[in-house]
Amino acid sequence: MIDINFVRENPDLVAKGSMQKGIKVDIGKLLILDEHRRDLLNQIDSVRQERNQVAQASSGKKPDTEQQARGQQLKAKLTQLESDFKEADKDFLKLLRAVPNMPLEDVPIGDSEDENVVYKTGGNPPQFSFTPLSHQEIGEKLDLIDKVRAAKIAGSRFVYLKADLVRLQFAIIAFVINELGNKEVIAKLIADNHLNIPNHPFVPVLPPALLKTAPYEASARLNAEETTYKIEQDDLWLNASAEHTLCTMFMDEVLPKDELPLRFIGYSTSFRREAGSYGKDFEGILRLHQFDKLEMEVFSTAESGLEEHKLLVAIQEHLVSSLGLPYQIMNKCTFDIGKPNARGVDINTWFPSQQLYRETHSADYLTDYQTRDLKIRTRSDNNKLELVHTNDATAFAFSRILAAIMENYQDQDGHFNVPPVLVPYLGGQVKI
RNA sequence: GGAGAGGUACCGAAGUGGUCGUAACGGGGCGGUCUCGAAAACCGCUGUACGGGCAACUGUACCGAGGGUUCGAAUCCCUCCCUCUCCGCCA
């Protein structure tokens, strides 16, 4: 969540930033609730102060009737005030959490996704001498994708992925973990992009796939209405991305500054209800209720947060171009970056069957928006506690990137080639 | 799932209704004395959040979490979470 002190000092700026993101919040009301809440807190503090004094005065001996009567009075008053405060605090927190993170200055201002700015295109869409098939058609022909049986078992938007497509996925996982675990690869990307941050490698993580309400809410990533599945008999939700269990990993901790940045590459199955997307992308495996994802997560100081964001985008580009896929990189505008983001970049990959670049990657810079609530901090050089900054970014989102490979590398005979960089990871196999 | 033990500050650990959470004691860390320097020894310091104040400073809260009893709770009661041991089940 955002810093209430910042809202108090800059109410107009916060209102403007929220508006640019297309998020309606009543900042005036928030400040009134804040005032009310603090007023109650002050009253509570002074009643408690007197209660403590009364208790101390009679300590060690039996209180006289006057002390006891005063104590009872104070108790009644305190009970009332505390219940008022609880109510006020709840309303306040709800509204405060509704306030989005402020966009950074270089984020394009826009009120629809049409205002996103493509600033780089890489690779060339393949030219086919035949009409290219969709990944669904290729997958069915080669018996790699079975949605019919999956629907029988789990319903729509589920899939059985099979055979060489599964081997391809595991090859990509091994490739990514090797690349991101290689200090030289990281150092080169840092140098090529003129960044000034350490070359710490990414530590691979298999995180839990479920998490409790409290950390999920604090992460600013719980979207109960549209996205997130709830386990009813326990206080648990199915994660919608490994990011959700990675960014919460250090909740309530103080991270040693000399270990920052901490970089992780997590692999997890992700679950999404897709409640708002009926009818969208029903063909193929582009939008499923369940998919696997390799996700990068970085904890850094405030000073280097933006550079970490740029590094993550550079890594994404490196990974996509390593697979030889045509892509474009897009600066998302204020409307599209999302509530917790200060900055957001997407990579879109070319899908020949749709003649479109489709979103396959996103990189999110959340500044201290998550860590304020999650209480993830570090010690500054003058020994003060300060909030850590978080970045998260897709390395590869599985069903989508498999689909992109199938379509871009397809042959006239209905098969597709293995991207050369992955051939060693498939034991020399060049074609599927 | 059953039985038992436990969750107190950076770590270990005492505290079972009334001089108080910087919370005994031990260790660690920081500063000082001593030393050419270091070790040892000795002395001092050693949390977080929120509020008030220009500031010095000051108030409140925090002993796993949330409720309750009481004039007063780390200490009593209830619910939940987590850790450990044993049994059961299981990959």
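Note that this is a predicted model, so its numbers are computed, not measured. Per chain, numbering begins at 1; letters A, B, ... match sequence-line order.
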When the C1' atoms of B:rU79 and B:rU22 are considered, how many whole Å apart are they? 31 Å

Any ion pair linking A:Arg221 and A:Asp364 (charged N to carboxylate O, less than 4.0 Å)? yes

Return the residues of residues 80-94 of chain A meeting this criterion: a heavy atom under 4.0 Å from some atom of RNA chain B. Order them by number, or give none. A:Lys86

Return no unless some side-chain N or O of A:Lys375 is found under 4.0 Å from OP1 or OP2 of B:rU48. no

Anything under 30° is parallel, anything over 60° is perpendicular, the rest tilted; go ahead and classify A:Phe264 against A:Phe250. tilted

Side chains of A:Arg48 and A:Glu82: does their closest heavy-atom pair fall under 4.5 Å? yes

Atom C1', compared across B:rA9 and B:rG26: separation rounded to whole Å: 14 Å

Taking atom C1' of B:rG68 as reference, at what distance in whole Å does atom CG of A:Leu78 sit? 14 Å

Between A:Asn5 and A:Glu9: side-chain donor-acceptor atoms closer than 3.5 Å: no

Between B:rA49, B:rC82, B:rG72, which one does the side chain of A:Ala55 approach most closely? B:rG72

Gap in Å between the two P atoms, one belonging to B:rU75 and one to B:rG64, rounded: 8 Å

In numerical order, the residues of residues 36-53 of chain A whose heavy atoms come under 4.0 Å of RNA chain B are A:Arg38, A:Leu41, A:Asn42, A:Asp45, A:Arg48, A:Gln49, A:Arg51, A:Asn52

According to a strict under-4.0 Å criterion, is A:Lys75 in side-chain N/O contact with OP1 or OP2 of B:rU70? yes

Whole Å only: how far is the CD1 atom of A:Ile4 from the C1' atom of B:rA49? 16 Å

Return yes when atom CZ of A:Arg379 has more than 12 non-hydrogen atoms of other residues, nucleotides or ligands closer than 6.0 Å, and no otherwise. yes

CD of A:Gln73 versus P of B:rG72: gap in Å, rounded? 13 Å

With rounding to the closest Å, how many angstrom separate the P atoms on B:rA13 and B:rU8? 8 Å

Is any side-chain heavy atom of A:Glu274 less than 4.5 Å from a side-chain heavy atom of A:Arg287? yes

Rounding to an integer number of Å, can you tell me how far A:Asp252 CG sits from B:rA9 P? 13 Å

Here the distance between atom C1' of B:rU48 and atom CG of A:Leu387, to the nearest Å, is 13 Å

With Watson-Crick and G-U wobble geometry limited to distances under 3.5 Å, how should the secondary structure of RNA chain B be encoded in dot-bracket form, using | for bases paired to another strand and [ ] for crossing pairs? ((((((((.[[[..)..(......]]]((((((.......))))))((((((....)))))).[[[[[..)....]]]]])))))))....

Review item, side-chain donor-acceptor pairs of residues 159-176 of chain A, under 3.5 Å, at least two apart:
unit_1	atom_1	unit_2	atom_2	d
A:Lys162	NZ	A:Asp143	OD1	3.1
A:Lys162	NZ	A:Asp143	OD2	3.2
A:Asp164	OD1	A:Arg167	NH1	3.1
A:Asp164	OD2	A:Gln429	NE2	2.9
A:Arg167	NH1	A:Gln429	OE1	2.6
A:Gln169	NE2	A:Tyr267	OH	2.7
A:Gln169	NE2	A:Asp292	OD2	3.0

Which whole number of Å gives the distance between the P atom of B:rG72 and that of B:rG4? 33 Å

Within less than 4.0 Å of OP1 or OP2 of B:rU48, is there a side-chain N or O belonging to A:Arg379? yes

Any Lys/Arg nitrogen of A:Arg70 or A:Glu50 sitting under 4.0 Å from an Asp/Glu carboxylate oxygen of the other? yes

Who passes side-chain hydrogen bond (donor to acceptor under 3.5 Å, both in side chains) against A:His309, sequence neighbours left out? A:Arg343

Distance in angstrom units between A:Gln233 CD and B:rG1 C1', rounded: 15 Å

How far does the P atom of B:rG68 sit from the matching atom of B:rG31, given to the nearest Å? 47 Å

Indicate whether the side chain of A:Tyr425 and that of A:Asn178 have a donor and an acceptor atom separated by less than 3.5 Å. yes

Is the A:Phe271 ring parallel, tilted or perpendicular to the A:Tyr229 ring (thresholds 30°, 60°)? perpendicular

Figure out the CG/P separation between A:Leu96 and B:rC50, and round it to whole Å. 12 Å

Partners of A:Arg273 by salt bridge (Lys or Arg N to Asp or Glu O under 4.0 Å), sequence neighbours excluded? none

Determine the contact category for A:Leu385: base if any of its heavy atoms lies under 4.0 Å from a base atom, sugar-phosphate if only primed atoms, P, OP1 or OP2 are that close, otherwise nothing. sugar-phosphate

Between CE of A:Met251 and C1' of B:rC82 the distance, given in whole Å, is 12 Å

Go through the side-chain N and O atoms of A:Ser300 and A:Asn391 and say whether any donor and acceptor fall under 3.5 Å apart. no

Expressed in whole Å, how much space separates the P atoms belonging to B:rU16 and B:rU70? 23 Å

If I pick the P atom on B:rA55 and the same atom on B:rC42, what distance separates them, to the nearest angstrom? 41 Å

